[in-house]
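Written out below as structure tokens is the structure these notes cover.
Numbering starts at 1 and runs along the sequence shown.
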Amino acid sequence: MPENRTHDRGPRRRTVVTAGALTLTALAAARPAEAATAAGPESGAAGARPPARAGGPRRGDWHRYVQAPASTTVRPVRITESTGDVSDPEALLRPGGGRTVLRRPQPKAAPRWPEGTTAEASSAHAPNNGNDGNHRTYDAANAIDGDPETFWNDDTERGFPDVLTLTVPAPIELSGITVVSNADGVPTAFTVEAGRRGGGWETVATVTDNDVVQCAVPFSRTVTTDRLRLTVTAAQDTGKGVFTRVNEVWPEAVEPAAPPSVTVDFGKVVVGHPDIRFTGASANSPGVRLAFSETREFLTDRSDFTRSDQAGGTGRGTDQFAVPAAGAHWKDTKGFQRDGKVFADGLHGFRYLRITLDALASDAPVAQPWGRVDIDSVSLDFTAYLGTPSTYRGWFLCSEDDLNRFWYGASYTNELVTDTFRRDDVDPRNAWSDTLEGKLVLHDGAKRDRDPYVGDLAVSARTLYLTHDDTAAAARNVLVDLADHQRSDGWIPPASISGYTLPLFDYPLWWVTCGWDYVLYTGDRAYASRTYPNLVKVLDTWYPSVTDSAGLLSKGLNDTGGYGDYAFLGRTGRVTYYNVLYVQALNDAARLADWLGHGADADRWRERADTVAEAVNAHLWDASAGAYLDSGTGAVRHAQDGNALAVVAGVAGADRAASALAHLDATTRRPYGNAFMDNDTLFADASQRVYAFTSYPEIVARFLSGRADSALDQIRRTYDWMDRHDPGITNWEGIGPGGSLYEGAYTSMAHGWSTGVLPALTHQLLGASPLSPGYATWEVRPHPGDVAWAQGELPTPHGGLGVEWTQTGGEFSLTVRVPARTRGSVALPTGGRDVVVRAGGRLLWDGKRGHVKGVSGGDGRVTVSDVGPGKHTFAVSLRQK
């Protein structure tokens, strides 16, 4: 794996190399000094990055950017930390070259209150079946019962103060207490009062900013009392509900003995089953607990995400294993080790792994939290697609090191979510499906949700087709399965989650566009024929049922008020995003219908697309802002998704496209990308949130409207932020205020829907795209911006479509290698200048007219049509006057 490189805090130069090896430099936008701290540790400790080569990338030298491990056995690259009694932690990096030993003495028994002590609380949550299906109570008495697995839980969520009062049979002397709380959210601020003789209370301790489960609280002085009162005024919000939870109160201040732990760093996000070789252990069945995290920021004694906790299992935020005295070769797979105890989640997506000698009290006697554990090595059984240089069927390279890194980082992100659908590994919220089990799919994220969502495929499938198109079945399997679960009214589910019932308003449209994409890249006529009836039903039955009198989709009609979308946004009525996506879907469906010979359907859908586009422009354009409204109802705001897709789908003409993009520039530009809303009227901080998912169509829109420099600027800000911040390389699900993880630890840091930089650089910067199914026809239309040269290859069913171009001075040259049985056009940029175009010395364009059939000029391009198989080189130069 590449070594980390500590990035600087100031401006960074982009290396650009021309065809003649003349090195130019362009100063990239300065990165603010405070940026890294907002999003977590810098790459010197957290973000893996290959060192840049002197002189920048070399032509054809794309292999060095590939990020996948060399084999399915992946080993950590460094030890980041060890705590407690640990000897030779570095031995974990040297299989067979020593052993790492963790030791922990047997703990003393917890102190107990005198017999007859009672507890009362200001409120207590009603009994229920808890997270694990077992009946639980949450009474105050749980805080003094000696069982750390039970706890008092108040009944006033986010309502404080919460009060716990303990009464002992006779006065006792106390110098402090210990509050043992719950990892689902510890009390962060509380006071402790002792009852005075004769009545009243005396404050003996005040605690603020607590963040530990076992909090020792020494008193300001020793007191003799028969009453103690704990008043909680704040608690952590871990996403489990903000309650006061106290598992135990001990009548002594007991400082926790730090359990021994070792944290290993795999250098980047990986996914699969951890594999640990234990060479021995003490005879008492010592336990180890494994905590996983994609980032250092959320690396604690609890994993940043576990499926068992999400589903109500018994994982308690870690994976457990009891080590036999003789040692064991343990592969972390889902299930209990013995007797319904010692649970492990199995597969994880993570960068950092913390191994701690510890055990849950509920796992006794199968596992004990003390003893000795000897470890030879730690590795990972990588389960996702292994994208080594030999597996790439499409590739990209240009003169800018950063853009190359972003392209291959996106590819690696997508490889991490290209995996087999397995019952034990997918989202636990009723997402398992026997119709997908064992099939290759594109999940949404590496660590979560691990379910194939069709909206994500709108980006991730394109990334797949352009890199490893031999695995296109990963997209087809999802599209067919969702079609097979189409509802009787025509609605198509977004994913298998919730038993194919999650109500999303926009995702059936993404199913349409993703189906066309699949056919466009693969030429799979069998798929098109099989799913065509589903296409007709969703467009001609379900979406008409949610169309208003103006011809616009309106969320709320046909009982859709509670439907969500890609971000579960509370938008209602006529939403621009839904309607311009509808236009795109109708036009894509028409193209598919034409290909299959259903001309009447194609004509009807194109006519409807035109009607919707006209209605969008009539009802949803905000002339005062010069942009499309997010919604025709509610507060005035303008969204990235609707404005960007209006350009891409052709709803916005040139003037409105320019105006809408200018509005986004003026209102949504952030150091870490462009926000998806221009104000906070939808929810707090909406104007600070960046989704690479909705940024992709905006980037495309900027390229298509002749704004290559602004498209590249947006790419550099968005993807450089993710590349430079922990965990590095992979593409985040979303970015929050200041460049933070927008949903904290829950945020997926390797998410397929964020990989749009890859198709944008291939289709728009390099400029090559399919125009008809299976690349039977294609187009090469570069948008070079300030990039000196680019080259790459697109995999097609007929062989590679190769493109290479260079711009230097006033000249532009392009070579295209065309596979057999395909034809296309080449649109050469002129920059609006008076140019001459030649091919192999032959004059094609003299600055005013074409000299060969099929050559034409206009709109800043000279287009050469009907280019057939073989190698063709074109040269554009200024016309000599």
Just checking, is any N or O donor in the side chain of R354 or Y352 under 3.5 Å from an acceptor N or O on the other one? no

Any luck finding a side-chain donor-acceptor pair between D275 and H329 under 3.5 Å? yes

Step-by-step side chain to side chain donor-acceptor pair (under 3.5 Å) determination, S695 to N674: CA-CA 7 Å; S695 295; N674 284 12; over 6 Å; no

Ion pair R405/D401, N-O distance below 4.0 Å: yes

Is it true that D451 and R429 make a salt bridge, defined as a side-chain N closer than 4.0 Å to a carboxylate O? no

Between K447 and D304 (salt bridge meaning N to carboxylate O under 4.0 Å), is one present in this structure? yes

Just verifying a value: how many Å separate W407 CH2 and W62 CH2, rounded to the nearest 0.5 Å? 8.0 Å

I'd like to know if D402 pairs up with R716 as an ion pair, taking the criterion as any Lys NZ or Arg NE/NH1/NH2 lying under 4.0 Å from an Asp or Glu carboxylate oxygen. no

When you check the gap from the basic side-chain N to the acidic O, do D481 and K439 get nearer than 4.0 Å? no

Is there a donor in the side chain of D265 and an acceptor in the side chain of T80, or the other way round, less than 3.5 Å apart? no

Between D358 and R289 the two heavy atoms that sit nearest each other are O-CG, 3.5 Å

Less than 4.0 Å between a side-chain N and a carboxylate O, is that true for E733 and R448? yes

Test item: V186 and C215 side chains (from C-beta on) under 4.5 Å apart, heavy atoms: no

N-O pairing of D449 and R307 below 4.0 Å: no

Could you check T755 against T463 for side chain to side chain donor-acceptor pair (under 3.5 Å), going step by step and ending with a plain yes or no? CA-CA 7 Å; T755 62; T463 299; 2.8 Å; yes

